[in-house]
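In what follows, a structure is listed as structure tokens, so that the remarks can point back to it.
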2 protein chains.
Amino acid sequence: MPPALHGPTGRPHRKRLSPDERRHQLLAIGVDRLTTQPLEAISVEDIAAAAGVSPGLVFHYFGTRQGLHLAIVRTARDAMLAATQPDPALPARERLRDVLARFVTFVQQHDATFHSVVRGAASGDPRVRETVQHARDVLTEHTTAVVVDLGAQRTPLVDVAVRAWISLAEQALVDAATDTAIPSAELVAFLERSALAVVAAAAPTTTTPDTPRGPDAV
Amino acid sequence: MPPALHGPTGRPHRKRLSPDERRHQLLAIGVDRLTTQPLEAISVEDIAAAAGVSPGLVFHYFGTRQGLHLAIVRTARDAMLAATQPDPALPARERLRDVLARFVTFVQQHDATFHSVVRGAASGDPRVRETVQHARDVLTEHTTAVVVDLGAQRTPLVDVAVRAWISLAEQALVDAATDTAIPSAELVAFLERSALAVVAAAAPTTTTPDTPRGPDAV
DNA sequence: CCCGTTACTGACGGTGCGTCAACAGGTAGT
DNA sequence: ACTACCTGTTGACGCACCGTCAGTAACGGG
């Protein structure tokens with residue numbers, strides 16, 4: 001990326017872009033910054049300086065610092081969701097494995113972005129949390145569709161279990177996706193098995209054929 | 001809590017406390033603030049005003065804003081760990097259930113504190129992350145001890161699985177501990193079963209006696 | 001070439017972080 | 001009690017960043 005649209009520390013050259021172009025440029029800089037620093041550390045003035053514009057312009061486009069952060073995290077989130085869209089043509093089990101495999105690949109290639117999105121879930125700004133939560137909701141929906149296709153019943157506890165499993169998957173990906181000691185295929189297989197096992201643990205009365213339960217429930 | 005150590009908006013009265021007392025007081029205010037606002041929203045000046053002292057004094061005790069945050073989150077974390085110390089006298093399975101039951105109770109009673117600690121895991125400050133990670137490490141150790149006692153082998157993937165299960169448990173607690181639609185006992189039972197199931201999913205070759213696996217492993 | 005639209009600037013006020021020399025409350029020695 | 005020391009504590013300062021707004025200049029159309 002060129003440092004700016006004018007000579008390096010030379011004269012401003014004052015280029016006038018269309019709103020879409022400018023917005024896109026600022027967002028691209030923001031997502032790039034996300035690979036080296038957390039969301040909260042991104043300042044309006046830093047983005048403005050990197051784009052060669054005044055801070056005021058950034059406020060013109062995003063309103064507030066939080067507005068900027070929100071737009072940045074949304075961009076990163078959408079990239080993640082686009083990369084992990086399930087293939088509706090596949091049967092349930094294959095679909096799950098396919099999504100998990102692509103997810104592992106995505107995290108391996110964009111681990112900094114993934115980290116930032118996951119960490120955004122704990123942001124102080126409710127709107128940022130909501131944005132990340134939306135990503136989780138989408139993933140939860142995909143996963144729930146799979147387990148329902150496999151014969152599980154939906155209960156409140158099963159919903160909790162699926163959401164909780166998403167967290168498990170996030171943590172496992174953060175831990176192991178870039179860890180060479182664990183092959184990707186093994187990680188994918190573990191995630192696949194754990195998803196089914198966790199749902200089975202939440203729905204002990206389900207009639208799935210291959211999860212026999214002992215009489216140890218409370 | 002008295003608003004301060006002087007008359008309400010009256011004259012400062014300038015009480016001189018011992019460093020321990022003052023530090024403790026500031027920390028107590030900080031942990032209390034944590035129940036209504038996220039860590040990053042806690043400002044030095046707010047704490048100072050609540051204690052009836054100058055902002056400079058807070059810097060004297062904690063150095064920086066981050067130092068204050070770190071001390072606050074450490075205090076909250078220690079309270080959580082203290083409440084969930086396993087009872088070494090119990091056998092593995094009972095020990096797991098006992099810890100989980102007390103964990104659910106703790107979250108029900110201090111959900112705001114728990115939220116803040118969990119969210120601290122995604123803080124921008126590495127030291128805060130490290131602090132929360134330490135709590136997870138302790139919980140991971142307890143859990144690993146249980147599953148090893150139950151006959152599981154330790155492999156890199158099992159370690160990943162246990163850490164990931166901690167995230168699952170955190171998420172399930174955040175979701176469901178204060179949800180009246182799901183009885184505590186059921187939640188505890190789910191967490192217990194899911195722990196064993198996730199470890200089994202990570203170590204398909206283990207010889208655990210009471211976790212029968214169907215031929216669904218990949 | 002000029003004129004209007006609007007992307008963009010620059011100067012300003014406010015808030016919170018962090019520093020430092022100086023001040024004052026407590027206490028020990030006489 | 002008086003004094004002198006130690007140290008908990010202050011208040012004023014510099015700085016970075018957020019957010020606002022009236023004004024300016026770059027592009028497109030006539």
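Every chain is numbered from 1, with letters handed out A, B, ... down the list of sequences. This one's a predicted model, so the numbers in the text were calculated from it and none came from an experiment.
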How many whole angstroms separate atom [atom1] of [X] from atom [atom2] of [N]?
X	N	atom1	atom2	value
A/Lys15	D/dA26	NZ	P	12 Å
A/Asp20	D/dC27	CG	P	17 Å
B/Phe62	D/dT9	CZ	P	12 Å
B/Glu21	C/dG26	CD	C1'	13 Å
B/Arg23	D/dT9	CZ	P	13 Å

request  = Would you confirm whether B/Arg77, through its side chain, and B/Val117, through its main-chain N or O, come within 3.5 Å as a donor-acceptor pair?
outcome  =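 Checked: no pair found.
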
ask   = Do side-chain atoms of A/Gln108 reach the backbone of A/Thr178 as a donor and acceptor pair under 3.5 angstrom?
value = no

key: Strand contacts (DNA chain C) in residues 34-41 of chain A, 4.0 angstrom heavy-atom criterion   = none

Residue pairs fulfilling ring-ring contact (aromatic ring centres under 6.0 Å, His included) with at least one residue in residues 34-80 of chain A, sequence neighbours excluded =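 Pairs touching residues 34-80 of chain A that pass the test: none.
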
ask   = Applying ring-ring contact (aromatic ring centres under 6.0 Å, His included), which residue pairs with at least one partner in residues 96-139 of chain A are found, sequence neighbours left out?
value = A/Phe103-A/Phe114, A/Phe106-A/His110

Pairwise N/O distances under 3.5 Å, protein to nucleotides 11-18 of chain D:
residue: D/dC18; atom: OP1; partner: A/Val44; partner atom: N; Å: 3.3
residue: D/dC18; atom: OP1; partner: A/Arg65; partner atom: NH1; Å: 2.5
residue: D/dC18; atom: OP2; partner: A/Val44; partner atom: N; Å: 3.2

inquiry  = I need the full list of salt bridge (Lys or Arg N to Asp or Glu O under 4.0 Å) pairs touching residues 120-138 of chain A, with sequence neighbours left out, sorted by first then second residue.
reply    = A/Arg136-A/Glu170

Residue pairs, two or more places apart or on separate chains, that pass salt bridge (Lys or Arg N to Asp or Glu O under 4.0 Å) and touch residues 35-61 of chain A =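 Found A/Arg33-A/Asp46.
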
inquiry  = Can a side-chain donor-acceptor contact be found between A/Trp165 and A/Thr143 if the only test is distance below 3.5 angstrom?
reply    = no

query = When all nucleic acid strands are considered with a 4.0 Å heavy-atom cut-off, which category describes A/Tyr61: base, sugar-phosphate, or nothing?
reply = sugar-phosphate

request  = Taking only Lys NZ, Arg NE, NH1 and NH2, and the carboxylate oxygens of Asp or Glu, determine whether B/Arg95 and B/Asp87 approach each other closer than 4.0 Å.
outcome  = no

message = Any N or O donor-acceptor pair under 3.5 Å from the base of D/dT7 to the side chain of B/Arg16?
response =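 Looking at the base of D/dT7, it does pair with a donor or acceptor on the side chain of B/Arg16 (distance under 3.5 Å).
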
